[in-house]
Every structure is written in C-alpha cells, then in structure tokens.
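Read the numbers this way: they start at 1 and go in the same order the structure lists the ligands and their atoms. Here the structure is a predicted model, which is why all the values come from computation and not from measurement.
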Amino acid sequence: MSGVEAAKRLAARSAVDAFVKNGFKLGIGSGSTVVYAVERIAERARAENLQLTCVPSSFQARQLIIEHGLLLSDLERTPELDLAIDGADEVDDRLTLIKGGGGCLLQEKIVVNAAKDFVVVADYRKNSAALGQQWKKGVPIEVLPLAYRPVQKEIESRFGGVAKLRMAKAKAGPLVTDNGMFIIDWEFNEAPAEGWTKIGMELNNIPGVVEHGLFIGCAKKAYFGNEDGTVSER
Ligand SMILES: O=C[C@H](O)[C@H](O)[C@H](O)COP(=O)(O)O
C-alpha cells in the first residue's frame with residue numbers, strides 16, 4: 001500500500017473508531033478515503049455486533065454499503081442522522097472544505113446537513129492553512145446543464161478566476177453527475193480574506209447553480225493521516 005493510501009486508511013479508521021457508536025444512523029460520503037471508513041465500519045459492526053443504518057450520499061457510497069453488507073437506508077426513511085463521515089479535497093484551518101473533486105457534492109451536502117455531527121477523513125495532502133494552497137483544481141460547482149455557459153460567465157465576471165466545464169474521462173463531452181448535472185471547476189485567484197461564507201451564498205444565488213463544493217461551518221473534526229504513520233486532528 002502506498003504512503004498516501006496508508007494515510008487515508010489511518011485517518012478513516014481513527015475517525016470511525018472515535019465516532020461510530022452502536023445504534024447510529026450514519027451518512028456515508030464518497031471518494032477513495034471513505035472506502036476505508038466503510039471497511040472499518042463493517043469490520044466493527046461484525047466484531048461488536050453494532051446495529052447501524054447507513055444512508056449513502058452517492059452511487060458509489062450506495063454500492064459500498066451494499067458490498068459490505070451494511071443496512072442501507074435513504075433520507076426518506078432516515079431523515080435524521082447521528083453522524084456523517086466523508087472525505088475532502090482540501091481542509092483549511094477553520095475546517096472549511098472543498099469537496100466535489102470526484103464529482104459528488106450535492107447529495108453529500110444534503111447528507112451532512114441531515115447529520116448531527118460531520119467528521120472529515122483525509123490524507124496529509126488535504127491539510128491546508130487556506131483553501132487553494134494544496135488543491136489547485138478549484139471549487140467544484142454543480143450546475144443545470146442548460147445553464148452552464150451563463151453560470152461560467154457570471155462566476156468569472158463577479159469573482160474573477162477561471163470557471164472550467166469539467167469534461168468526462170472515458171466519454172466524449174462533459175462529466176455528468178449522479179444527479180444528471182454538469183460540474184464547473186472554478187479556479188479562483190485567491191482565498192477571500194473575510195472567509196468563504198459570502199461567496200458561498202452568492203454562488204448559491206446564481207440561477208442554474210444547484211450547489212457548490214464549499215462546505216462551510218459544518219465539519220466538527222477532521223482526521224488527517226500523515227506520511228509517518230501518525231494522525232493529525234483538527
Ligand atoms: O467528489 C468527491 C467527494 O467530495 C470526495 O469526498 C472528495 O473528492 C475527496 O475524495 P478522496 O477521498 O478520494 O480524496
């Protein structure tokens with residue numbers, strides 16, 4: 001296992017061991033780090049006979065829950081969650097996150113909002129003082145396909161930087177999210193000195209924007225796996 005993978009695994013296992021309790025209703029995030037969290041949740045559920053209910057925040061999360069034999073639910077049957085566990089592309093010193101690098105952010109934000117607590121699991125590359133220092137691919141913004149061009153133009157003229165339509169990797173044309181939307185990656189010039197709240201609200205107010213990948217004021221704690229085998233907590 002590479003250093004980065006070992007770091008992801010370490011962070012995920014530490015968070016699950018610290019936060020997951022019997023009877024919990026869990027929100028399951030997306031990405032490569034969450035894979036290790038679900039692995040550990042399933043391990044503990046078997047070993048400790050934990051009764052857990054899991055609500056996915058993406059197609060991938062749903063598959064992970066099923067593959068690991070965990071009890072699958074949804075927000076209709078389980079609208080209130082005890083804990084959400086998810087990865088991040090970058091975490092700043094105020095626990096503001098960029099998410100959506102893997103194309104998942106809308107359902108993740110809904111699931112996080114339904115949870116009493118939200119814990120982030122990540123490797124050392126995501127640990128940052130200010131957004132943009134480590135993650136160079138911008139803020140992912142999920143948009144209604146017909147609106148992508150005016151949204152791109154409005155973001156660039158109001159906030160500066162470059163707003164790029166994310167293209168699919170093994171298909172001609174744009175990436176399509178689990179929700180049938182496009183993603184615009186907004187490569188901003190610099191992190192706003194006053195924080196991200198205002199920009200987050202303004203992005204949400206642009207017609208055609210479904211949701212953005214700035215997660216502000218919702219994470220309770222972040223676990224970062226380090227290269228030397230230790231875990232940093234924020
Ligand atoms: O779109 C994907 C999600 O927001 C992920 O949680 C985020 O990209 C982090 O993923 P990973 O754990 O693979 O770095």
Side-chain angles (χ1 to χ4, degrees), residues 1-16 26-41 54-65 83-92 95-113 115 118-128 131-143 164-169 174-187 196 200 203 210-216 218-219 221-227 231-232 234:
M1 187 179 278
S2 78
V4 171
E5 288 307 306
K8 290 178 188 181
R9 186 168 184 268
L10 198 59
R13 294 177 78 85
S14 304
V16 169
L26 295 170
I28 304 295
S30 323
S32 54
T33 316
V34 160
V35 172
Y36 297 113
V38 176
E39 192 180 277
R40 180 62 181 150
I41 290 167
C54 297
V55 172
S57 63
S58 64
F59 183 89
Q60 180 218 3
R62 186 173 183 277
Q63 282 194 320
L64 281 173
I65 293 165
L83 176 70
I85 301 183
D86 205 344
D89 300 304
E90 192 172 21
V91 184
D92 78 3
L95 287 181
T96 300
L97 320 176
I98 291 180
K99 289 184 51 56
C104 303
L105 62 97
L106 171 61
Q107 292 184 43
E108 289 183 342
K109 201 175 271 192
I110 294 168
V111 164
V112 161
N113 194 50
F118 169 33
V119 62
V120 182
V121 290
D123 62 79
Y124 54 91
R125 300 170 307 167
K126 320 295 182 61
N127 190 350
S128 185
L131 298 185
Q133 285 185 0
Q134 302 289 338
W135 177 253
K136 302 295 179 189
K137 297 182 186 169
V139 177
I141 299 166
E142 194 157 351
V143 295
K164 294 181 179 163
L165 179 64
R166 192 184 300 180
M167 304 308 281
K169 287 275 157 54
L175 175 134
V176 178
T177 69
D178 287 355
N179 316 301
M181 303 292 155
F182 290 172
I183 297 265
I184 287 173
D185 289 301
W186 172 45
E187 294 175 7
W196 287 95
L203 284 171
V210 180
E211 192 49 84
H212 57 76
L214 291 164
F215 283 52
I216 305 164
C218 50
K221 195 161 185 172
Y223 286 78
F224 302 98
N226 295 317
E227 274 178 301
V231 177
S232 301
R234 179 178 302 147

Can you give me every donor-acceptor pair (side chain of residues 56-63, partner residue at least two apart or in another chain, under 3.5 Å) with its distance?
unit_1	atom_1	unit_2	atom_2	d
Ser57	OG	Ile28	O	2.7
Ser57	OG	Ser30	OG	3.4
Ser58	OG	Ser30	OG	2.9
Ser58	OG	Gln60	N	3.4
Ser58	OG	Ala61	N	2.9
Gln60	OE1	Gly31	N	2.7
Gln60	NE2	Gly31	O	3.0

Taking NZ, NE, NH1 and NH2 as the nitrogens, is one of them in Arg166 or Asp185 under 4.0 Å from a carboxylate oxygen of the other?
yes
Could I get the full list of salt bridge (Lys or Arg N to Asp or Glu O under 4.0 Å) partners for Arg125, not counting sequence neighbours?
Asp123
Ring-face cation contact, Phe215 with Lys109, 6.0 Å cut, 45° max
yes
Can you pull the residues with any heavy atom under 4.0 Å from ligand 1?
Ser30, Gly31, Ser32, Thr33, Asp86, Gly87, Ala88, Asp89, Lys99, Gly100, Gly101, Gly102, Gly103, Cys104, Glu108, Lys126
Identify whether the distance between the nearest side-chain nitrogen and carboxylate oxygen of Lys99 and Asp86 falls below 4.0 Å.
yes
Applying salt bridge (Lys or Arg N to Asp or Glu O under 4.0 Å), can you list everything that pairs with Glu5, at least two apart in sequence or on another chain?
Lys8
